[in-house]
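Report on the structure given below.
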Amino acid sequence: MTEAKRDILGFLLFAAAVLIAPFFFADSYILNVLVFVGINTLLAVALNLLLGFAGQISLGHAAFFGLGAYISGVMTAAHSFDPWLAMLIAAVSTGVAAFIIGFPILKLKGHYLAMATLGFGIIVYIVFNETVDLTGGPSGLPGIPNLSLGEFSFDNDIKNFYLIWAFTLLAMRISLNLYRSRIGRALRAIHDSEVAARVAGVNVKNLKVQIFTMSAVISALAGSLYAHTMTFISPASFGFNFSVELVTMVIIGGLGSVYGSFMGAAILTLLPEFLRIFHDYDIIVYGLLLILIIMFMPGGLAGGFRTALERLSRSRKQGAD
Amino acid sequence: MLVIKNLNTYYGQVHVLKNVSLHLREGEIVALIGANGAGKTTLLNTVSGITPARSGIVSYRGLPVQDLPPHRIVGLGVSQVPEGRQVFKPLVVEENLELGAYLLHRNKEGKEEAKKNLQMVYELFPVLAERRRQPAGTLSGGEQQMLAVGRALMAGPRLLLLDEPSMGLAPLIVQEIFRVIRSLVEERKTTILIVEQNAKAALNLADRGYVLDTGKIIMEGAASDLLVNRDVQRAYLGRDKKEIWER
């Protein structure tokens with residue numbers, strides 16, 4: 001089987017597994033959690049383009065998520081715009097904002113880039129909190145309508161599950177195609193050595209800004225979907241903690257791996273639910289598990305998964321001999 | 001082919017290249033030798049656009065290129081093999097090579113050309129063809145240097161800038177790489193500017209040479225003349241080393 005065929009087959013299997021998942025989890029609570037897995041996967045996939053592919057850190061990605069959510073929320077709840085139009089405007093304007101701040105910010109490297117994106121995230125968070133007339137401030141913004149197609153309204157968990165996962169699967173497919181493409185190779189080259197990428201003819205500055213913008217636009221879409229699914233948003237969901245959580249998802253999942261981003265998002269979304277049995281100690285177990293994963297799987301869950309598969313196929317081959 | 005006139009390059013306040021002038025004729029191999037910190041790498045980086053000059057002229061085939069960004073300069077046919085190889089370690093060998101043809105891959109004719117260049121690189125360095133599916137980080141030092149040269153050749157350059165291709169390599173591997181460089185000039189009429197600390201090897205390969213010392217060109221001439229020049233021998237080829245030891 002060629003690599004391209006394996007790639008398509010793997011994706012189809014994954015998509016099929018996602019699409020039939022609701023039939024096994026009829027319980028509405030679990031379904032609700034799976035909706036969040038979808039949104040977080042979309043965000044992790046977006047951040048992975050920047051962090052995993054191009055190797056550029058962002059500690060402010062929750063801001064793009066928040067901008068998407070708030071632009072959609074304010075336009076529809078307070079000004080009765082059509083939700084789809086609001087979503088489009090949210091994505092475009094967040095993209096423009098990312099493009100503008102991208103040029104100065106992405107000149108920075110390493111810790112300095114981390115600081116700059118951190119600062120951006122905090123500024124946006126403060127704006128959400130302080131512009132009370134517009135956003136409702138810390139008490140939040142209620143009354144955001146659901147998305148709908150004609151008479152069909154996405155007003156329950158099962159409908160939202162399919163809506164959100166449609167976007168998430170699309171983003172994953174685009175990422176997978178990008179990875180093997182000419183641009184994907186250039187991004188991975190930037191990750192490894194900027195100077196060598198430049199002498200190979202890659203316009204490093206522009207490419208970094210472009211992928212930063214793309215990542216922000218996908219994050220904004222996730223924000224709009226979140227706002228229209230929850231129908232209520234508040235600044236607390238878009239703070240520094242969530243930015244760090246997104247970085248953790250991508251790293252735990254495996255830098256650069258699209259399926260890894262899903263695994264990281266799934267683990268970090270599901271773990272707190274399962275750890276409830278530890279009551280007050282859940283946060284300690286949570287931290288311990290993350291440390292163990294990184295200690296024993298430096299390539300993240302995706303890397304660990306791959307090694308396990310290779311070992312399995314090797315031992316099977318030896319068994320056949 | 002390449003004319004550099006009164007070039008001045010700074011790192012912040014530090015004046016690295018001081019009024020450097022040199023030229024390369026088409027199909028020539030020119031060696032730039034000098035001690036650590038003389039500014040050899042900076043000179044190459046200025047030509048390729050990585051470290052832009054503050055003043056002076058770099059003219060490539062009659063076109064002033066000193067203010068162009070690196071990707072434009074690559075597009076004109078100038079490729080650099082950066083110092084310390086800098087292959088993309090997590091990427092497999094073939095991906096590294098395809099990155100060398102990044103600009104060619106933009107359109108159809110370019111892709112055809114890139115395919116031909118890939119064949120040529122595999123013929124020049126058969127070991128790379130054997131290892132095409134292997135991550136570059138798993139190659140030996142010599143193989144990584146071959147990959148770095150191969151990657152630069154993928155763009156089909158007319159001018160190749162080589163930065164310390166012998167660094168940290170066994171003499172046999174250095175010979176192998178220099179043999180390929182010579183064949184590039186003979187068969188493809190590539191022009192080469194090579195920076196080396198291994199002055200003897202570089203001057204044996206080159207037609208002409210320049211000696212760079214703390215940012216200034218202090219000597220130039222035919223490579224064969226430089227090889228027998230007493231000052232060059234004393235400073236860069238180890239002449240009189242014995243007496244110093246005995247003293």
Side-chain angles (χ1 to χ4, degrees), chain A residues 1-4 6-7 48-49 51-56 103 106-107 109 176-211 250-251 254-258 260 298-300 302-303 306-307 310, chain B residues 41 44-45 47-52 68-92 94-107 110-111 114 133 135-137 144 147-148 150-157 160-163:
Chain A
M1 203 167 12
T2 65
E3 216 168 300
R6 215 181 309 153
D7 175 44
N48 184 46
L49 292 176
L51 181 61
F53 285 21
Q56 308 298 310
F103 274 101
L106 289 164
K107 275 186 188 160
K109 291 187 179 73
L176 287 166
N177 285 355
L178 188 67
Y179 188 82
R180 294 266 161 234
S181 74
R182 163 178 175 266
I183 298 294
R185 277 198 304 263
L187 290 168
R188 287 182 286 143
I190 293 173
H191 193 161
D192 200 49
S193 164
E194 269 190 35
V195 171
R198 291 176 76 193
V199 298
V202 179
N203 188 340
V204 171
K205 193 165 69 178
N206 284 1
L207 199 54
K208 282 203 291 195
V209 174
Q210 283 161 5
I211 201 69
V250 174
I251 294 175
L255 280 172
S257 164
V258 177
R306 209 173 302 127
T307 322
E310 275 163 19
Chain B
T41 294
L44 289 197
N45 285 346
V47 174
S48 64
I50 296 285
T51 316
L68 294 182
H71 58 273
R72 295 281 308 280
I73 293 175
V74 175
L76 291 172
V78 181
S79 285
Q80 184 181 10
V81 180
E83 187 179 22
R85 311 189 254 281
Q86 304 225 26
V87 295
F88 304 114
K89 291 195 168 121
L91 277 64
V92 300
E94 195 149 295
E95 284 179 324
N96 267 274
L97 291 172
E98 276 165 358
L99 263 161
Y102 178 76
L103 293 171
L104 288 178
H105 272 285
R106 273 183 307 197
N107 54 46
K111 274 184 191 160
R133 296 264 156 250
Q144 288 189 18
L147 180 57
R151 183 180 60 194
L153 293 177
M154 284 296 291
L160 188 64
L161 310 171
L162 285 159
D163 199 345

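Just so it is clear: chains get the letters A, B, ... in the order the sequence lines come, proteins before strands, and each one is counted from 1. Quick caveat, the model's predicted, so the values are computed rather than measured. For the numbers below, each heavy atom of this structure counts, side chains included, while hydrogens, waters and symmetry mates do not.
Counting all heavy atoms, side chain and backbone alike, B/Ser48 lies closest to A/Val199 at OG-CG1, 4.3 Å.
Distance check: B/Gln86 CD to A/Glu194 CD gives 11.0 Å after rounding to the nearest 0.5 Å.
Of the listed residues (A/Ala186, A/Ala197, A/Ala200, A/Gly201), the greatest number of heavy-atom pairs within a distance under 4.5 Å of chain B belongs to A/Gly201. The choice from B/Arg151, B/Met154, B/Glu95 that makes the most heavy-atom pairs within less than 4.5 Å of chain A is B/Glu95.
Taking the ring centre of B/Phe88 as origin, the terminal cationic atom of A/Arg188 falls outside the region bounded by 6.0 Å and 45° from the ring axis.
Of the possible donor and acceptor atoms, one in the side chain of A/Arg182 sits under 3.5 Å from a partner among the backbone N and O of B/Tyr102.
For the pair B/Gln80 and A/Arg198, the minimum side-chain heavy-atom distance is 4.5 Å or more. Annotation: side chain of A/Asp192 is in contact with side chain of B/Pro90 (closest heavy-atom distance under 4.5 Å).
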For this session: Could you walk me through whether A/Val202 and B/His71 pass side-chain contact (heavy atoms from CB on, under 4.5 Å), step by step?
Result: CA-CA 6 Å; A/Val202 179; B/His71 58 273; over 6 Å; no
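Within the 4.5 angstrom heavy-atom criterion, no atom of B/Arg85 approaches chain A. Contact of B/Val87 with chain A is made through the backbone alone, with heavy-atom distances under 4.5 Å.
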